[in-house]
Visitor: 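Here it is: the structure, laid out below.
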Amino acid sequence: MPNPRAGMELGATTALYPLHRCKTIYLVRHAQGIHNVAGEKDFGAYMSHELFDAQLTPLGWNQVDGLREHVKKSGLAEKIELVITSPLLRTMQTAVGVFGGEKYTDGVNAPPLMVENAGHSGRPAVSSLNCPPFIAVETCREHLGVHPCDKRRSITEYRPLFPAIDFSLIENDGDVLWEPDVRETNEAVALRGMKFMDWLWTREEKEIAIVSHSGFLFHTLSMYSKECHPTIRDEVSKHFANCELRSMVLVDRSMLGSYSSRFNYAGKNPTGLDVPSDIADKKQVDEAQKN
């Protein structure tokens, strides 16, 4: 008779976790920006003030179009409940280009996600209809300080360009986080990233897209994957390519989330003994011995 436990060993490599304690997140690095091109030729170019709040290149917009097509064909566009974006020009351009609605039509009773030619893009306006809500969050910004490409504009300047993005969570109109002479440490970026991930548990949405930056994603994921198997650690924490998307499961191990399952069902109490059969057998033996 075959052994039902054959091939099963203690210390299984798989794991179980309650579904309502998990979120699926879709991490995206922005498409190619003008700073990426300049920096590849000369790293010193990152110090140039001409790259302030760098916008996407024409190739970057082609990358956006490619990812948008993938998101639609794969069915992911229908699953995402919320899009979170770093409040820099290149990330917001990427976010609305990939996850936004179709071309905006004048006269529609809804503000566009992006107006025509925002950031000298030469692109048409993007509709806010038939797509998830968009929210800008400062915690998922790129490495702060020194490099002008990582400094944002004022929210007052952004709102006319991206009318349907919600900027209400950003406290300061101007960029008070970026400093010209102090570069944020890698450890500080990772801790900021972990704080951002914890904040996600304050959201009710279960399927969330996050459009961010190479340094932020690398250092955050490197911190999270420290205890993983080396193969998984390498897969999780490797640098993102421009406009790369990776899907991951975020698990609430510290019980930060307070939501109950939408799918669990307690069942109905039977009229008989509501215990497993092996326990019921033992109870019958105990009762017989008493008598």
Visitor: Write down the atom of Ala31, the atom of Leu56, and the distance for their closest heavy-atom approach.
Guide: O-CD2, 3.4 Å

Visitor: With sequence neighbours left out, write down each residue that passes ring-ring contact (aromatic ring centres under 6.0 Å, His included) with His70, or none if nothing qualifies.
Guide: none

Visitor: Are any side-chain N or O atoms of Lys23 and backbone N or O atoms of Glu205, one a donor and one an acceptor, separated by less than 3.5 Å?
Guide: yes

Visitor: Show your working on side-chain contact (heavy atoms from CB on, under 4.5 Å) between Met92 and Met114 and close with a plain yes or no.
Guide: CA-CA 9 Å; Met92 291 189 288; Met114 184 179 81; over 6 Å; no

Visitor: Would Ile25 and Met197 satisfy side-chain contact (heavy atoms from CB on, under 4.5 Å), going step by step from the backbone distance to the final call?
Guide: CA-CA 10 Å; Ile25 59 175; Met197 293 296 186; 4.1 Å; yes

Visitor: Evaluate the side-chain proximity of Leu82 to Pro133: yes if any heavy-atom separation is below 4.5 Å, no if none is.
Guide: yes

Visitor: Nearest 0.5 Å, what's the CG-OG1 distance between Asn242 and Thr57?
Guide: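 Rounded to the nearest 0.5 Å, the CG-OG1 separation comes out at 8.0 Å.
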
Visitor: Could you check whether any side-chain N or O of Asp234 sits under 3.5 Å from a backbone N or O of Thr231, counting only pairs where one atom can act as donor and the other as acceptor?
Guide: no

Visitor: Treating Ile, Leu, Val, Met, Phe, Trp and Tyr as nodes and any side-chain heavy-atom pair under 4.5 angstrom as an edge, say whether Ile135 and Leu161 lie in one connected cluster.
Guide: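 The answer is no; the residues belong to distinct hydrophobic clusters.
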
Visitor: For Cys140, is there any backbone N or O sitting under 3.5 Å from a side-chain donor or acceptor partner on Ser212?
Guide: yes

Visitor: What class does the angle between the rings of His143 and His219 fall in, given that below 30° is parallel, 30 to 60° is tilted and above 60° is perpendicular?
Guide: perpendicular

Visitor: Check the hydrophobic clustering (I, L, V, M, F, W, Y; side-chain heavy atoms under 4.5 Å; chains of links allowed) and say if Val137 and Leu250 are grouped together.
Guide: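 Yes; Leu250 is reachable from Val137 via cluster members.
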
Visitor: Check the pair Arg141 / Leu88 against side-chain contact (heavy atoms from CB on, under 4.5 Å), numbers first and verdict last.
Guide: CA-CA 8 Å; Arg141 281 177 59 178; Leu88 273 82; 3.6 Å; yes

Visitor: By the definition salt bridge (charged side-chain N to carboxylate O under 4.0 Å, His left out), identify the one residue from Arg152, Arg192, Lys195 that meets it with Glu138.
Guide: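 Filter result, single survivor: Arg152.
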
Visitor: I need the Ile208 CD1 to Tyr26 OH distance, nearest 0.5 Å.
Guide: 10.5 Å

Visitor: Give me the atom names and distance for the closest heavy-atom approach of Ala38 to Leu51.
Guide: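 Where Ala38 meets Leu51 most closely, the heavy atoms are CB-CD1, 4.0 Å.
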
Visitor: Verify, without hydrogens or angle tests, whether Arg246 (side chain) and Leu27 (backbone) share a donor-acceptor contact under 3.5 angstrom.
Guide: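 Flag not set: sc Arg246 to bb Leu27 has no pair under 3.5 Å.
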
Visitor: Would you say Pro180 and Trp178 make side-chain contact, with heavy atoms under 4.5 Å?
Guide: yes

Visitor: Look at the side-chain heavy atoms of Ile, Leu, Val, Met, Phe, Trp and Tyr, link any pair under 4.5 Å apart, and say whether Leu144 and Met47 land in one connected group.
Guide: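 In one cluster: no.
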
Visitor: How many angstroms lie between atom CZ of Phe162 and atom CD of Gln93, to the nearest 0.5 angstrom?
Guide: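 That separation rounds to 5.5 Å.
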
Visitor: Hey, does Arg29 have a side-chain heavy atom less than 4.5 Å from the side chain of Phe216?
Guide: no

Visitor: Parallel, tilted or perpendicular for Phe167 and Tyr158, by the 30°/60° rule?
Guide: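 The arrangement is parallel - the two ring planes meet at less than 30°.
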
Visitor: Answer whether the closest heavy-atom distance between the side chains of Met248 and Val236 falls below 4.5 Å.
Guide: yes

Visitor: For residues Thr139 and Phe196, report the shortest heavy-atom separation together with the two atoms involved.
Guide: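 The pair with the smallest heavy-atom distance is CG2-CB, 3.8 Å.
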
Visitor: Side chains of Cys149 and Tyr46: does their closest heavy-atom pair fall under 4.5 Å?
Guide: yes

Visitor: Do Asp53 and Lys151 come within less than 4.5 Å of each other through their side chains, counting heavy atoms only?
Guide: no

Visitor: What class does the angle between the rings of His239 and Phe218 fall in, given that below 30° is parallel, 30 to 60° is tilted and above 60° is perpendicular?
Guide: parallel

Visitor: Determine yes or no for a side-chain-to-main-chain donor-acceptor pair under 3.5 angstrom, with Lys206 supplying the side chain and Glu81 the backbone.
Guide: no

Visitor: Look up atom CG in Asp175 and atom CG in Asp150, then write down how far apart they are to the nearest 0.5 Å.
Guide: 10.0 Å

Visitor: In terms of hydrophobic clustering (I, L, V, M, F, W, Y; side-chain heavy atoms under 4.5 Å; direct or indirect links), are Met223 and Phe240 co-clustered?
Guide: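 Looking at the clustering, Phe240 is in the same group as Met223.
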
Visitor: Rounded to the nearest 0.5 Å, what's the gap from CG on Leu76 to OG on Ser247? Could you check?
Guide: 8.0 Å

Visitor: Locate the shortest heavy-atom distance separating Gly39 from Ala45; write the atom from each residue and the value.
Guide: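 Minimum heavy-atom separation between Gly39 and Ala45: N-CB, 4.4 Å.
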
Visitor: Does Leu59 form a side-chain contact (heavy atoms from CB on, under 4.5 Å) with Val37? I'd like the steps, not just the answer.
Guide: CA-CA 10 Å; Leu59 175 59; Val37 177; over 6 Å; no

Visitor: Between Glu179 and Glu184, is there a donor-acceptor pair closer than 3.5 Å when you use the side chain of the first and the backbone of the second?
Guide: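 Answer holds: no.
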
Visitor: Mind listing the closest non-hydrogen atom pair of Leu169 and Ala136 along with its distance?
Guide: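 Looking at all heavy atoms of both residues, the closest pair is CB-O, 4.2 Å.
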
Visitor: Is a side-chain N or O of Asp173 found less than 3.5 angstrom from the main chain of Ile155, in a donor-acceptor match?
Guide: yes

Visitor: Any side-chain heavy atom of Phe99 within less than 4.5 Å of one from Val28?
Guide: yes

Visitor: Say whether, by atom type as modelled, one donor and one acceptor occur between the side chain of Asn172 and the main chain of Gly174 under 3.5 angstrom.
Guide: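 Answer holds: no.
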
Visitor: Is there a path of hydrophobic side-chain contacts, each under 4.5 Å between heavy atoms of I/L/V/M/F/W/Y residues, joining Val211 to Ile34?
Guide: no

Visitor: Answer yes or no: is there a side-chain heavy-atom contact under 4.5 Å between Ile165 and Val96?
Guide: yes

Visitor: Check whether Glu142 reaches the backbone of Gly215 with its side chain - one donor and one acceptor, N or O, closer than 3.5 Å.
Guide: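 Flag set: sc Glu142 to bb Gly215 pair under 3.5 Å.
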
Visitor: So, taking the atom named NZ in Lys238 and the one named OG in Ser225, what distance separates them when rounded to the nearest 0.5 Å?
Guide: 12.5 Å

Visitor: Which pairs count as side-chain hydrogen bond (donor to acceptor under 3.5 Å, both in side chains) when at least one residue sits in residues 111-130, sequence neighbours excluded?
Guide: Asp65-Arg123

Visitor: Mind listing the closest non-hydrogen atom pair of Leu113 and Gly100 along with its distance?
Guide: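 Here Leu113 and Gly100 meet closest at CD1-CA, 3.6 Å.
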
Visitor: Distance-only, no hydrogens or angles: does the Arg90 side chain make a donor-acceptor pair with backbone N or O of His30 under 3.5 Å?
Guide: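 No; zero donor-acceptor contacts below 3.5 Å.
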
